[in-house]
Amino acid sequence: MENQEFNFKGLVLNGFLMLFVDFTMLILSIVGIIYSIIMLDASDGAQGGWLLGGSILLLVINIIMWCGMLQLEPNEARVTTWFGKYAGTFAQTGFYWINPFYATKKVSLRARNLDAEPIKVNDKTGNPVMIGLVLVWKLKDTYKALFEVDSQTMAANPNSVGSDTKGLMNALENFVRVQSDAALRQVAGQYAYDDEDTKAGEPTLRSSADEINEQLEQKLDERLALAGIEVVEARINYLAYAPEIAAVMLRRQQASAIITAREKIVEGAVSMVKMALDKLSSEEIVELDDDKKAAMVSNLLVVLCGDESAQPVVNTGTLNH
């Protein structure tokens, strides 16, 4: 979408200079009103009436000119409209005066944080998981923020959007929250929770954080560009199975861990038995036939693979009667 935002091109004057001019006009109008009343009391009605009318007109003009004062801090802007028509965005930091007939809406260009509550989604395999994100965003295009999305309706207090920066930014934050929820559901549904339910090498929510976060930022950029919002950073900050299946999945993970540990134990035990037999044979400590070797292998595997400590049995021979 074409960027329709542009800088304000109307008359801009130094605010302190106009402050001096406004105070001067105010003093002159008050003095003129007082002096005209004195002239009216002195039976100089014609000149007093003209002076009173001119002083009142000057006071009215002065009051209108006071409305043209505006002050902007760093990373703030004013969106100006001329009787409903967009007239540009004013973003010069400092104290200025512009034509008071321009309507202005103050917006913040500072970075804002959104820590979304974890939501329940189904992953690629259909398992319900809880997933949450943290998002850093800021306003980039003021025209889209005010005129491409209905910020008036989204605000908690619609009447405050025109004059209250907080009302407008809260409305945009609601928009960001809804779109973040939708983007998170879309991305999470494309991946499995872990690699136990997928083919080897496929990315998962647990093992491919960088890829997931990159795709999440891309989806959020696409959705939030409509409102002129730039995504600075988006990261998944919470990931777990949903409570209804968490216990079952924990037992499955424990079983998988036990199987992996047993495989390591058996692999080590076989290596140790082979080493023992080779050592006995090479050093000619004892000669074992096949039956004794089988018995020794069985005993060693039982000892090495058992969960409990082995109880030694000492063979003291046999008693002859």
Side-chain angles (χ1 to χ4, degrees), residues 1-8 71-80 86 88-94 104-121 129-156 160-161 164-191 203-240:
M1 185 179 295
E2 184 181 355
N3 186 6
Q4 302 183 56
E5 182 188 56
F6 58 86
N7 293 329
F8 178 70
Q71 176 181 334
L72 286 180
E73 298 178 358
N75 288 319
E76 287 185 343
R78 293 279 186 131
V79 180
T80 62
Y86 176 64
T89 299
F90 185 81
Q92 299 182 38
T93 302
T104 64
K105 296 180 180 179
K106 189 176 181 181
V107 296
S108 174
L109 305 179
R110 297 165 182 168
R112 300 173 72 89
N113 218 26
L114 175 65
D115 187 5
E117 292 292 331
I119 59 175
K120 184 188 295 185
V121 301
V129 298
M130 301 296 296
I131 186 170
L133 66 81
V134 59
L135 172 65
V136 181
W137 62 277
K138 63 181 180 179
L139 192 59
K140 184 179 181 181
D141 190 319
T142 57
Y143 179 89
K144 292 180 180 179
L146 268 73
F147 305 116
E148 294 290 346
V149 295
D150 192 1
S151 55
Q152 297 280 352
T153 303
M154 291 188 297
S160 69
V161 172
D164 182 18
T165 308
K166 184 177 179 181
L168 172 63
M169 300 311 294
N170 286 342
L172 292 176
E173 188 168 331
N174 290 335
F175 181 82
V176 172
R177 183 177 290 106
V178 173
Q179 295 302 320
S180 299
D181 184 284
L184 188 58
R185 291 181 185 275
Q186 181 180 2
V187 172
Q190 298 176 0
Y191 299 90
T204 64
L205 294 174
R206 286 185 60 188
S207 63
S208 305
D210 292 339
E211 179 179 341
I212 305 299
N213 292 331
E214 182 179 351
Q215 186 170 0
L216 183 60
E217 286 188 15
Q218 180 183 352
K219 296 297 182 183
L220 285 169
D221 269 327
E222 294 174 359
R223 292 174 175 272
L224 299 180
L226 175 65
I229 294 172
E230 177 186 6
V231 176
V232 179
E233 183 182 17
R235 291 286 182 269
I236 293 176
N237 67 338
Y238 183 88
L239 180 63

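- For Glu173, the salt bridge (Lys or Arg N to Asp or Glu O under 4.0 Å) criterion is met by Arg112, Arg177, not counting sequence neighbours.
- When atom types are taken as modelled, the side chain of Gln179 and the backbone of Leu224 share no donor-acceptor pair closer than 3.5 angstrom.
- Side-chain atoms of Asn213 come within 3.5 Å of backbone atoms of Ile236 as a donor-acceptor pair (strictly under, hydrogens ignored).
- When each of Val149, Val176, Asp141 is paired with Ile229, the side chain to side chain contact (heavy atoms under 4.5 Å, CB included) condition holds for Val176 and for no other.
- Rounding to the nearest 0.5 Å places CG of Leu133 at 12.0 Å from CG of Leu239.
- Put simply, CG on Leu220 and CG on Leu184 are 8.5 Å apart, with the number rounded to the nearest 0.5 Å.
- Under the ring-ring contact (aromatic ring centres under 6.0 Å, His included) criterion, Phe8 pairs with Tyr102, not counting sequence neighbours.
- When all heavy atoms are compared, the tightest approach of Leu109 to Ala77 is CD1-CB, 4.2 Å.
- Not counting sequence neighbours, the partners of Glu73 by the salt bridge (Lys or Arg N to Asp or Glu O under 4.0 Å) test are Arg110.
- Atoms OG1 and NZ, on Thr142 and Lys140 in that order, are 12.5 Å from each other to the nearest 0.5 Å.
- By the ring-ring contact (aromatic ring centres under 6.0 Å, His included) test, Tyr86 pairs with Phe6, Tyr143, Phe147, sequence neighbours left out.
- For the atom pair CG (Leu146) and NZ (Lys105), the distance works out to 5.5 Å, reported to the nearest 0.5 Å.
- Nearest heavy-atom pair, Ser108 versus Leu139, reported as atom, atom and distance to 0.1 Å: O-CB, 3.7 Å.
- In this structure, Lys138 has no salt bridge (Lys or Arg N to Asp or Glu O under 4.0 Å) partners at least two apart in sequence or on a different chain.
- Contacts classified as side chain to side chain donor-acceptor pair (under 3.5 Å) and involving residues 180-190 (residues at least two apart or in different chains) are given here: Asp181-Arg185, Gln186-Arg223, Gln190-Gln215.
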